[in-house]
Amino acid sequence: MQKLTHIKENPSQTAGPYVHIGCVPNFCGITGVYDQDLGASMVNDQTKGDRITVTGSVFDGTGTPLKDALVEIWQADANGIYPNGDPRGDADQNFTGWGRAAGDYDTGVWSFETIKPGAVPFPDGRMMAPHISFWIVARGINIGLQTRMYFPNDPMLADDPWLTRIEHQNRVQTLIATEKTPTTFQFDIHLQGPDETIFFDV
Amino acid sequence: MTDGPLFHRDRNWHPKGFTPDYKTSVVRSPQKALLSMNTTLSEETGPVFGHEMLGDLDNDLILNFAQPGEMALGQRIIVHGRVLDENGRGVPGALLEFWQANAGGRYRHAKEGYLAPLDPNFGGCGRTITGDDGGYAFRTIKPGAYPWPNGVNDWRPAHIHFSVFGRSFGQRLITQMYFEGDPMIPLCPIVRTISDPDAVAQLIAPLDMNNTIPMDARAYKFDIVLRGRRSTLFENRMEGN
Ligand SMILES: [Fe+2]
């Protein structure tokens, strides 16, 4: 028999407690190597769309917020176009789509200044409700956790082709942010427990 | 033919989330099953970074934090390799970020309490972006092993942490590189979160004497494989939509 020529993905290892050194060195006091930490700024004065703040904490199974998590987000621009690799066209040049934030050393809270994304199509052409993709790493997390944040009171949620595939619909609310102010959305992530966030193998 | 969905991750090759010998994982691992989905544009697209963002010393940890005229202490090494996808194709333009302890096993970090001293000329971070063939290289010093609070006498083998971006957010990967011949590797509870010995072997960089610079720095080779993508020969055709 012939052999398949695929090779294996490198196995993941935890980011560990010192992930800041490599990913947000200025945040952890290593200054003078990079001008600024990557992913610290997603928007500028010219960015189109509604400005929002997305903030939250990551909680462990005891209910304690992680003080050493690193969170990354990826989202479409206000028109629903991704800034890189989107075959449908060019996104807003003044929007990066990608953000990275470390939890505060004392409180564990992280936040992003961004814009509300537009809707993006599912592979079959139906539209997915506006959402932000999350990737969470930390000490004790062996492989980065993938989830999505959706916006509350969005009429598209009910027919969203991704959300409607979820068997336990009573868990879908773990993917929906809370509106704190009209421009501030809180998205707490629970690694375990009755409110455990839905994480995807995707 | 265009790029289709990402290959599914082999969750038996990767470490599981719940690995009790690595104690911190016990309260930080999801208890419910991950929900399996096929990728969409949200996972298939991702941030890319241009070479113009790099500083001259970003890939030189011996110099990038050192005082003028000084150098980091330790065994000088070059780490080089390629970033590939699971189809074996080089991934150009992939951003790699790396971080490590100094030669004595000490990190430059507020939460670090090991008694080994800081090196005033070593910061411990670097980054580079792969070239057209997926190749990369950086210069550093060999990090030391260090003890960590888990069991009463657990030590990390010498290692370098890597954060890797491909072309897709769904390819995001953080991993660690170990060094050929290190007897600490099989003792480490973090290494042992990986159950398949072949998967552990994929994280061990061999000494590469051919690329060693005589009288200067030894070389280690470390290739990094990211998730591949299916071709879309027979899917997503117009009539199917
Ligand atoms: Fe480490």
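A note on names: the letters A, B, ... follow the listed sequences, proteins ahead of strands, and every chain is numbered from 1. This is a predicted model, so every value here is computed, not measured.
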Problem set entry | Heavy-atom proximity to chain A below 4.5 Å, by part of Glu112(B) | both

Problem set entry | Pair Ser25(B)-Asn142(A), side-chain donor/acceptor within less than 3.5 Å | no

Problem set entry | Results of side chain to side chain contact (heavy atoms under 4.5 Å, CB included) for Lys23(B) - residues two or more places apart only | Asn150(B)

Exercise. Side chain, backbone, both or neither: which part of Ile73(A) has an atom under 4.5 Å from a heavy atom of chain B?
Worked result: backbone

For this session: Output the distance between atom CZ (Arg89(B)) and atom CD1 (Ile7(A)), rounded to the nearest 0.5 Å.
Result: 11.0 Å

Problem set entry | Contact class of Ile132(A) relative to chain B, heavy atoms under 4.5 angstrom | neither

For this session: Carefully, step by step, assess Tyr105(A) and Lys111(B) under the rule side chain to side chain contact (heavy atoms under 4.5 Å, CB included).
Result: CA-CA 9 Å; Tyr105(A) 277 172; Lys111(B) 302 279 179 75; 3.8 Å; yes

For this session: Walk me through it: do Phe199(A) and Leu35(B) pass the test side chain to side chain contact (heavy atoms under 4.5 Å, CB included)?
Result: CA-CA 6 Å; Phe199(A) 298 104; Leu35(B) 223 74; over 6 Å; no

Problem set entry | Proximal component of Arg172(B), with respect to chain A [non-hydrogen, under 4.5 Å] | both

Seminar exercise, completed: So CZ of Arg127(B) and CG of Leu38(A): to nearest 0.5 Å the spacing works out to 5.0 Å

Exercise. Can you name the nearest heavy-atom pair linking Pro17(A) to His109(B), along with the distance?
Worked result: O-NE2, 3.7 Å

Exercise. So how far is it from Leu34(B) CG to Ile198(A) CD1, rounded to the nearest 0.5 Å?
Worked result: 11.0 Å

For this session: Kindly compute the distance separating CD (Glu86(B)) from CG (Asn10(A)), expressed to the nearest 0.5 Å.
Result: 10.0 Å

Exercise. When you look at Ile30(A) and Trp99(B), which way does the side chain to side chain contact (heavy atoms under 4.5 Å, CB included) test go after all the steps?
Worked result: CA-CA 12 Å; Ile30(A) 298 176; Trp99(B) 65 102; over 6 Å; no

Exercise. Which answer fits Asp223(B), side chain, backbone, both or neither, if we ask what part of it has an atom under 4.5 Å from a heavy atom of chain A?
Worked result: backbone

Problem set entry | Side chain, backbone, both or neither of Val58(A) within contact of chain B (heavy atoms, under 4.5 Å) | neither

Seminar exercise, completed: When the 4.5 angstrom heavy-atom criterion is applied to Val137(A) and chain B, the contacting part is side chain

For this session: Would you mind checking if Lys8(A) and Asp10(B) are paired as a salt bridge, meaning a charged N to carboxylate O distance below 4.0 Å?
Result: yes

For this session: Of all the heavy-atom pairs spanning Ser133(A) and Glu43(B), show the shortest one and how long it is.
Result: OG-OE2, 4.3 Å

Exercise. So Trp74(A) and Phe169(B), would you call those rings parallel, tilted or perpendicular, with 30° and 60° as cut-offs?
Worked result: tilted

Exercise. Of the backbone (N, CA, C, O) and the side chain (C-beta and beyond), which part of Gln75(A) lies under 4.5 Å from a heavy atom of chain B, both, or neither?
Worked result: neither

Exercise. Contact part of Ser163(B) toward chain A, heavy-atom cut-off under 4.5 Å: side chain, backbone, both or neither?
Worked result: side chain

Exercise. Among side-chain atoms of Glu97(B) and Tyr34(A), is any donor-acceptor pair under 3.5 angstrom?
Worked result: no

Exercise. Using non-hydrogen atoms only, which part of Phe7(B) is less than 4.5 Å away from chain A: side chain, backbone, both, or neither?
Worked result: side chain

For this session: Could you please spell out the steps behind the side chain to side chain contact (heavy atoms under 4.5 Å, CB included) verdict for Ser12(A) and Leu173(B)?
Result: CA-CA 6 Å; Ser12(A) 174; Leu173(B) 181 71; 4.0 Å; yes

Problem set entry | Contacting region of Val26(B) [heavy-atom separation from chain A under 4.5 Å] | backbone

Problem set entry | Closest non-hydrogen atom pair between Gln13(A) and Thr193(B), with its separation | NE2-OG1, 3.4 Å

Problem set entry | Contacting region of Phe98(B) [heavy-atom separation from chain A under 4.5 Å] | backbone

Seminar exercise, completed: Between Glu9(A) and the options Arg9(B), Gln171(B), Arg227(B), the side-chain hydrogen bond (donor to acceptor under 3.5 Å, both in side chains) test singles out Arg9(B)

Exercise. Considering all heavy atoms of both residues, which atom of Thr31(A) and which atom of Phe65(B) are nearest to each other, and what is their separation?
Worked result: O-CE1, 3.9 Å

Problem set entry | Gln192(A) side-chain N/O to Ser29(B) backbone N/O, donor-acceptor pair under 3.5 Å | yes

Exercise. What residues of residues 82-104 of chain A sit under 4.5 Å from chain B when only non-hydrogen atoms are counted?
Worked result: Tyr82(A), Asn84(A), Gly85(A), Asp86(A), Pro87(A), Arg88(A), Trp98(A), Arg100(A)

For this session: Starting at CD1 of Ile143(A), measure out to OG1 of Thr175(B) and round the result to the nearest 0.5 Å.
Result: 9.5 Å

Exercise. Of the listed residues (Lys67(A), Arg171(A), Met128(A), His168(A)), which shares the most heavy-atom pairs with chain B below a 4.5 Å separation?
Worked result: Arg171(A)

For this session: Output the distance between atom NE2 (His6(A)) and atom CG (Asp85(B)), rounded to the nearest 0.5 Å.
Result: 9.0 Å

For this session: Go through the atoms of Leu226(B) and report whether side chain, backbone, both or neither lie under 4.5 Å from a heavy atom of chain A.
Result: backbone

Exercise. Of the backbone (N, CA, C, O) and the side chain (C-beta and beyond), which part of Arg165(A) lies under 4.5 Å from a heavy atom of chain B, both, or neither?
Worked result: side chain

For this session: Please name the pair of heavy atoms, one in Pro11(A) and one in Ala199(B), separated by the smallest distance, quoted to 0.1 Å.
Result: CG-O, 3.2 Å

